[in-house]
Amino acid sequence: MASNPRSGGSKKGPTKGSGGKNKRGLRGKGPTPKAEDRVYHKAHKAAQQRKSSNASAQAKRKKKELGPNMVAGRKSVLEALREGVPATAMYVSGRIDSDDRVRESITLATQRGISMLEASKPDLDRLTDDAIHQGIALQVPPYDYADPSDLLEFAAERAETPLLVALDGITDPRNLGAIVRSTAAFGGHGVIIPERRAASMTAAAWKTSAGAASRIRVAQVVNLARAIDELKKQNVFVVGLDMDGDVELPELTFTRDPLCIVVGSEGKGLSRLIAEKCDQIVSIPIAATTESLNAGIAAAVSLYEVARARRP
């Protein structure tokens, strides 16, 4: 008798079911995770290394921003010393070929009591972050920023109506230095800058200010919009400079009141939020063939107009 192919003893016969007990085992496990999300995949290790590298780079940049600023090169060092840029030390290579610039730099540093230290080329390379130093570098300490309230107190001490300048998106330190210089020239009492995505008081800003940075304080704030709100609470009128202003500069009516002029970046102008905070948007009348003014020039023209209107 032939065996039944469907009998229980046959290898091909029916098998006992689970009775629904293993439903989970039949479910799909979802889409395959990305390679960088799989812990044991080499792409995951590479992604972690990139994150670590980026974090280290950010920390290094932050440390560099907060630490001393190095001015490198014979011409740059001499110009910084001539303009009175504050310095804590001057590093000079022991094998430097002395010329007129080096000799004058040493003389000026000696007169100002700046420490002079001998440094090897590898040391100078490290201190200047591999810049072209020509055997000489100047260490500039971090700038001691003021608070906006300090600027108002400075005006009160001089029994003068406050005149401030706030910068929105100015990233070139030379523009910052030029605006500090104009603020001092036209009787202003200080400049306000945001902490992030903006130029800071580096050696380049100091040099461009031509010494004015030692007379006019610069305040740095975390949030420029909030700082403007605080100024308005102190009865300071805030006007923004923009090509599409509500009025032209000669028609500005707040010139004799406590005033803060907000200058935007040359490319983008005022940001939307800062423009909304201003009491008035003012434009500078210019020839039709000129699209816009450099931020430093726009600030200087506005400060001059306010100074002219305030004359008795």
Side-chain angles (χ1 to χ4, degrees), residues 45-145 167 169-178 180 193-211 213-214 218 220 265-267 296:
K45 295 180 180 179
Q48 294 300 312
Q49 288 175 351
R50 285 196 300 271
K51 288 181 181 178
S52 176
S53 177
N54 291 337
S56 298
Q58 289 177 359
K60 186 177 180 180
R61 284 196 297 270
K62 185 174 182 182
K63 183 178 180 180
K64 188 175 179 182
E65 289 171 0
L66 296 177
N69 181 255
M70 299 300 296
V71 180
R74 302 184 183 192
K75 182 179 178 181
S76 297
V77 168
L78 179 57
E79 288 178 349
L81 290 168
R82 283 175 175 174
E83 296 297 343
V85 174
T88 53
M90 188 169 76
Y91 295 88
V92 183
S93 173
R95 297 184 178 182
I96 191 170
D97 294 327
S98 182
D99 61 9
D100 291 342
R101 293 170 298 179
V102 173
R103 285 191 288 271
E104 185 178 350
S105 295
I106 292 174
T107 300
L108 291 172
T110 302
Q111 291 174 349
R112 290 176 50 184
I114 298 172
S115 300
M116 282 185 288
L117 306 172
E118 185 176 329
S120 64
K121 184 180 182 301
D123 287 336
L124 283 168
D125 291 340
R126 177 179 53 81
L127 288 167
T128 62
D129 199 19
D130 292 322
I132 301 174
H133 50 72
Q134 299 174 300
I136 189 168
L138 191 69
Q139 180 175 288
V140 179
Y143 183 79
D144 183 18
Y145 290 100
L167 307 186
I170 302 296
T171 56
D172 188 341
R174 291 169 297 183
N175 264 339
L176 170 57
V180 170
I193 61 174
E195 186 177 292
R196 300 178 62 189
R197 294 186 292 274
S200 56
M201 284 302 295
T202 60
W206 266 96
K207 285 195 296 182
T208 311
S209 76
S214 61
V218 176
Q220 190 177 60
S265 66
E266 187 175 349

Go through the steps to decide whether K121 and D125 satisfy the test salt bridge (charged side-chain N to carboxylate O under 4.0 Å, His left out), and finish with yes or no. CA-CA 6 Å; K121 184 180 182 301; D125 291 340; 3.0 Å; yes
For a side-chain contact (heavy atoms from CB on, under 4.5 Å) check, start with the C-alpha distance between S93 and E118, then their side-chain angles and the critical distance, and finish with the verdict. CA-CA 6 Å; S93 173; E118 185 176 329; over 6 Å; no
Under the 3.5 angstrom rule, does the side chain of [X] hit a backbone N or O of [Y] as a donor-acceptor pair?
{"X": "S209", "Y": "W206", "answer": "yes"}
{"X": "Q134", "Y": "R74", "answer": "yes"}
{"X": "Y91", "Y": "L127", "answer": "no"}

Nearest-0.5 Å distance that lies between atom [atom1] in [X] and atom [atom2] in [Y]:
{"X": "Q111", "Y": "L81", "atom1": "CD", "atom2": "CG", "value": "10.0 Å"}
{"X": "S76", "Y": "H133", "atom1": "OG", "atom2": "NE2", "value": "13.0 Å"}
{"X": "T88", "Y": "L117", "atom1": "OG1", "atom2": "CG", "value": "9.0 Å"}

Looking at [X] and [Y], what are the two nearest heavy atoms and their distance?
{"X": "Y145", "Y": "I193", "result": "CE2-CD1, 3.8 Å"}
{"X": "A203", "Y": "V71", "result": "CB-CG2, 3.2 Å"}
{"X": "L176", "Y": "I170", "result": "N-CG2, 4.4 Å"}
{"X": "T208", "Y": "A178", "result": "CG2-N, 3.7 Å"}
{"X": "A205", "Y": "S200", "result": "CB-O, 3.9 Å"}

Does R101 have more than 12 heavy atoms from other residues, nucleotides or ligands lying within 6.0 Å of its CZ?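 Counting neighbours around CZ of R101, more than 12 heavy atoms of other residues, nucleotides or ligands fall under 6.0 Å, so yes.
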Listed partners of R126 passing side-chain hydrogen bond (donor to acceptor under 3.5 Å, both in side chains), at least two apart: none
By the salt bridge (charged side-chain N to carboxylate O under 4.0 Å, His left out) test, which pairs, at least two apart or in different chains, include something from residues 77-93?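 As it turns out, the salt bridge (charged side-chain N to carboxylate O under 4.0 Å, His left out) pairs with a partner in residues 77-93, which skip direct neighbours, are E79-K207, R82-E104.
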Are any of the side-chain heavy atoms of S265 and T171 separated by less than 4.5 Å? no
Does any part of the side chain of D97, heavy atoms only, come nearer than 4.5 Å to the side chain of V102, both counted from C-beta? no
Before you tell me yes or no, could you show the steps for V140 and M70 under side-chain contact (heavy atoms from CB on, under 4.5 Å), namely the whole-Å CA-CA distance, both residues' side-chain angles and the distance that decides it to 0.1 Å? CA-CA 6 Å; V140 179; M70 299 300 296; over 6 Å; no
